[in-house]
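Below: the structure, in structure tokens.
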Amino acid sequence: MPRHTKIDFWLDLALLISFVVDYSFSFTGLTVHEWTGVGLGASLLVHVTLHWDWVLRTTKKLFTTPAGREKLRWVVDLLLLGAMSLCVLSGIMISRSAMSALGWETNRDGFWTGLHTTAADICVALVGVHVALSWRWVLTVGRRLVGKGSPTTSPSTASAL
Amino acid sequence: MKFLRHFAALLGVLGIIFALALVWKHTPLASLISNGDRQQSGPGRGQPQFAGGPAGGHVFGFANLDDLAQSIAVLSALIAGVVIIDLRRRDRRRESLTRARAIAQQRIAARAK
Ligand code: HEM
């Protein structure tokens with residue numbers, strides 16, 4: 001199996017687990033929640049910068065490709081990118097712990113709080129669809145990693161979480 | 001260099017997303033998501049419950065494992081739902097392909113006679 005497929009798989013799994021844990025606010029508590037969110041935001045920045053060509057190519061293709069599974073996947077991934085950005089940005093706007101530790105007192109209000117929780121809920125839905133649309137790849141690579149099945153390449157969007 | 005260029009482009013897009021959110025905040029449509037009295041008023045989804053003391057003070061509220069379990073359940077249900085729809089769609093596609101093939105073969109056979 002190609003090295004990058006393995007990296008994609010473990011990175012996606014780590015992002016998925018961090019996201020689910022971070023979404024469980026009452027479990028993490030405020031401080032862990034905020035720093036995990038900041039970490040997810042930073043990973044998102046690096047990840048999307050490294051795949052910027054993909055973002056541009058995909059956005060262009062959206063207008064030229066007929067409807068189908070691939071197009072659905074791209075729409076979901078681009079929406080996920082937007083929702084995740086909104087979630088982290090609004091999280092920063094309502095921060096009570098992480099930002100003040102960095103010396104910035106935020107001016108929390110109902111709009112940003114509402115946006116934050118709404119964006120988080122939308123992200124959960126999109127993450128679910130995103131993972132589900134790649135379930136064959138997940139199963140094949142997962143099986144391969146535990147020693148069964150045949151090698152495969154990564155789907156174009158496998159790591160767009 | 002390329003990384004920096006792409007990074008700057010991404011920051012630009014994030015800036016636009018943030019600016020759009022700011023514009024939204026100042027339109028009547030803001031009330032669609034706004035949680036105005038949430039900080040002052042009673043419980044609900046928006047009032048996170050902390051088992052281990054004050055909000056900022058604890059690391060992992062294991063007494064609140066329910067919350068984590070709920071997130072996992074919601075996500076798993078979603079994934080299962082989409083996978084089932086996907087499988088059904090694939091089955092339907094296969095069936096119609098098989099049917100189309102059978103019809104084509106019948107026609108070929110009829111013509112051969
Ligand atoms: C992808 C990342 C994130 C996800 C999925 C997420 C998800 C959530 C969810 C679901 C809640 C609602 C808890 C509830 O009402 O029961 C919440 C609340 C909160 N989040 Fe995040 N969050 C993320 C990132 C961040 C970041 C980066 C910060 C700040 C640096 C942050 C700060 C907060 C704060 C302060 C609250 C409490 C809001 C309140 O007072 O009701 N979040 N988050």
For A:T117 versus A:G114, what's the shortest heavy-atom pair and its separation? OG1-O, 3.2 Å
Residue part contacting chain A, namely of B:L87, when any heavy atom lies under 4.5 Å: side chain
For chain B, find which of A:L45, A:T118, A:V129, A:V48 contributes the most heavy-atom pairs closer than 4.5 angstrom. A:L45
Find the one option among B:I17, B:D86, B:L78 whose heavy-atom pairs under 4.5 Å with chain A are most numerous. B:D86
Taking B:R90, B:K2, B:R5, B:Q70 one by one, which has the highest count of heavy-atom pairs under 4.5 Å against chain A? B:R90
For the pair A:W137 and A:F9, name the ring-plane relationship: parallel under 30°, tilted 30 to 60°, perpendicular over 60°. tilted
Checking side-chain polar atoms at under 3.5 Å, does A:S134 have a donor or acceptor matched by the opposite partner on A:R73? yes
For B:R89, is it the side chain, the backbone, both, or neither that has a heavy atom closer than 4.5 Å to a heavy atom of chain A? side chain
Donor-acceptor contact present, side-chain B:T27 to main-chain B:W24, <3.5 Å: yes
Please state whether the side chain, the backbone, both or neither of A:L115 comes within less than 4.5 Å of a heavy atom of chain B. both
What part of B:L4 lies closer than 4.5 angstrom to a heavy atom of chain A: side chain, backbone, both or neither? neither
Any donor-acceptor pair under 3.5 Å from A:K71 side chain to A:T65 backbone: yes
Do the side chain of B:S71 and the main chain of B:D67 share a donor and acceptor less than 3.5 angstrom apart? yes
Donor-acceptor pair, A:R96 side chain versus A:T31 backbone, under 3.5 Å? no
If every non-hydrogen atom of A:D22 is compared with every non-hydrogen atom of A:V32, which pair is closest and at what distance? OD1-O, 4.3 Å
Checked A:H33, A:R136, A:E34 vs chain B; the most non-hydrogen pairs under 4.5 Å come from A:R136
Taking side chain as everything from C-beta outward and backbone as N, CA, C, O, which of these in B:A9 sits under 4.5 Å from a heavy atom of chain A? Side chain, backbone, both or neither. both
Measure across B:H6 and A:D53 and return the closest heavy-atom pair with its distance rounded to 0.1 Å. CE1-OD1, 3.4 Å
Would you mind telling me which of B:A77, B:A21, B:A8 has the largest number of heavy-atom pairs within less than 4.5 Å of chain A? B:A21
Residue part contacting chain B, namely of A:L56, when any heavy atom lies under 4.5 Å: neither
If every non-hydrogen atom of A:I122 is compared with every non-hydrogen atom of A:A83, which pair is closest and at what distance? CG2-CB, 4.1 Å
Taking it one step at a time, do B:F18 and A:W112 satisfy ring pair (Phe, Tyr, Trp, His ring centres under 6.0 Å)? CA-CA 11 Å; B:F18 186 68; A:W112 293 114; 5.5 Å; yes
Toward chain A: residues of residues 91-102 of chain B with heavy atoms under 4.5 Å: none
